[in-house]
Peer 1: 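Here it is: the structure, laid out below.
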Amino acid sequence: TLFLFLNYNLFRMTKTRESITGYVGPMFAKKTLLMLHDVSAAEATGRSCLVFKPNIDDRFPSTTVRSRAGGEHIAIPVSYSKPEDIYKII
């Protein structure tokens, strides 16, 4: 499963640092935990983040990314067959 998050700064619009980060790897590789840590760190510094998840992931509600360790964040489901839809959202 690929999780993406968009990290952008709302408070300094003249010098924004935007990035899209993807987390890939085998099962139990702590991808979600690492992503949640990065999102939490970005939000703690005043940045806003968007988290995307494939709509075929049905383990949890479609609008939630949750790690086995218990952390979670609101997510935007995107079509697994049309990942380019992310660009329409951002």
Side-chain angles (χ1 to χ4, degrees):
T1 302
L2 171 65
F3 296 107
L4 296 172
F5 84 92
L6 172 68
N7 179 2
Y8 59 95
N9 189 343
L10 289 176
F11 301 107
R12 299 181 67 193
M13 296 306 284
T14 57
K15 294 184 178 181
T16 60
R17 283 194 235 160
E18 300 170 349
S19 64
I20 296 177
T21 305
Y23 298 84
V24 295
M27 290 178 61
F28 306 107
K30 300 182 183 178
K31 299 178 298 292
T32 306
L33 187 63
L34 177 61
M35 185 265 309
L36 290 172
H37 176 270
D38 291 348
V39 169
S40 177
E43 290 178 339
T45 62
R47 293 177 180 262
S48 296
C49 298
L50 297 175
V51 177
F52 299 93
K53 73 181 261 184
N55 62 357
I56 62 169
D57 184 356
D58 60 359
R59 294 173 291 167
F60 305 109
S62 65
T63 58
T64 303
V65 171
R66 187 176 304 153
S67 76
R68 288 173 173 46
E72 67 180 40
H73 196 277
I74 295 171
I76 301 168
V78 293
S79 173
Y80 183 75
S81 61
K82 296 173 103 182
E84 63 273 10
D85 287 351
I86 291 172
Y87 293 108
K88 294 176 186 174
I89 296 169
I90 59 174

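Remember, it's a predicted structure, so these values are computed and weren't measured experimentally.
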Peer 1: Output all residues satisfying side-chain hydrogen bond (donor to acceptor under 3.5 Å, both in side chains) with Ser79, sequence neighbours left out; order by chain, then residue number.
Peer 2: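 Ser79 satisfies side-chain hydrogen bond (donor to acceptor under 3.5 Å, both in side chains) with Ser81 only.
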
Peer 1: Which heavy atom of Ser62 sits nearest a heavy atom of Lys53, and at what distance?
Peer 2: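 Closest heavy-atom pair between Ser62 and Lys53: O-CD, 3.6 Å.
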
Peer 1: Do Val39 and Val65 come within less than 4.5 Å of each other through their side chains, counting heavy atoms only?
Peer 2: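 Not touching, per the 4.5 Å side-chain cut-off.
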
Peer 1: Roughly how far apart are Leu50 CG and Ile89 CD1, rounded to 0.5 Å?
Peer 2: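 With rounding to 0.5 Å, CG (Leu50) is 8.5 Å from CD1 (Ile89).
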
Peer 1: Going hydrophobic residue to hydrophobic residue with side-chain gaps under 4.5 angstrom, can you get from Leu33 over to Met35?
Peer 2: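 Different clusters: Leu33 never reaches Met35 through Ile, Leu, Val, Met, Phe, Trp or Tyr contacts under 4.5 Å.
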
Peer 1: What are the two closest heavy atoms between Pro61 and Arg66, and how far apart are they?
Peer 2: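 Shortest heavy-atom separation between Pro61 and Arg66 comes out as CD-NH2, 4.2 Å.
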
Peer 1: For the residue pair Lys31 and Tyr23, what are the closest heavy atoms and their distance?
Peer 2: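 Closest approach of Lys31 to Tyr23: CD-O, 3.9 Å.
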
Peer 1: Which residues satisfy the side chain to side chain contact (heavy atoms under 4.5 Å, CB included) test with Ile74, sequence neighbours excluded?
Peer 2: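 Once residues adjacent in sequence are excluded, Ile74 has no partner under the side chain to side chain contact (heavy atoms under 4.5 Å, CB included) criterion.
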
Peer 1: How long is the straight-line distance from OG1 of Thr32 back to CD of Glu72, given to the nearest 0.5 Å?
Peer 2: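 Nearest 0.5 Å value for the CD-OG1 distance: 12.0 Å.
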
Peer 1: Provide the closest heavy-atom pair for Leu36 versus Ser67 in the form atom of the first, atom of the second, distance.
Peer 2: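 Answer, listing the atom of Leu36 first, then Ser67: CD1-CB, 3.9 Å.
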
Peer 1: Roughly how far, to the nearest 0.5 Å, is the CG atom of Asp85 from the CD1 atom of Ile76?
Peer 2: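 Here the interatomic distance stands at 12.0 Å.
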
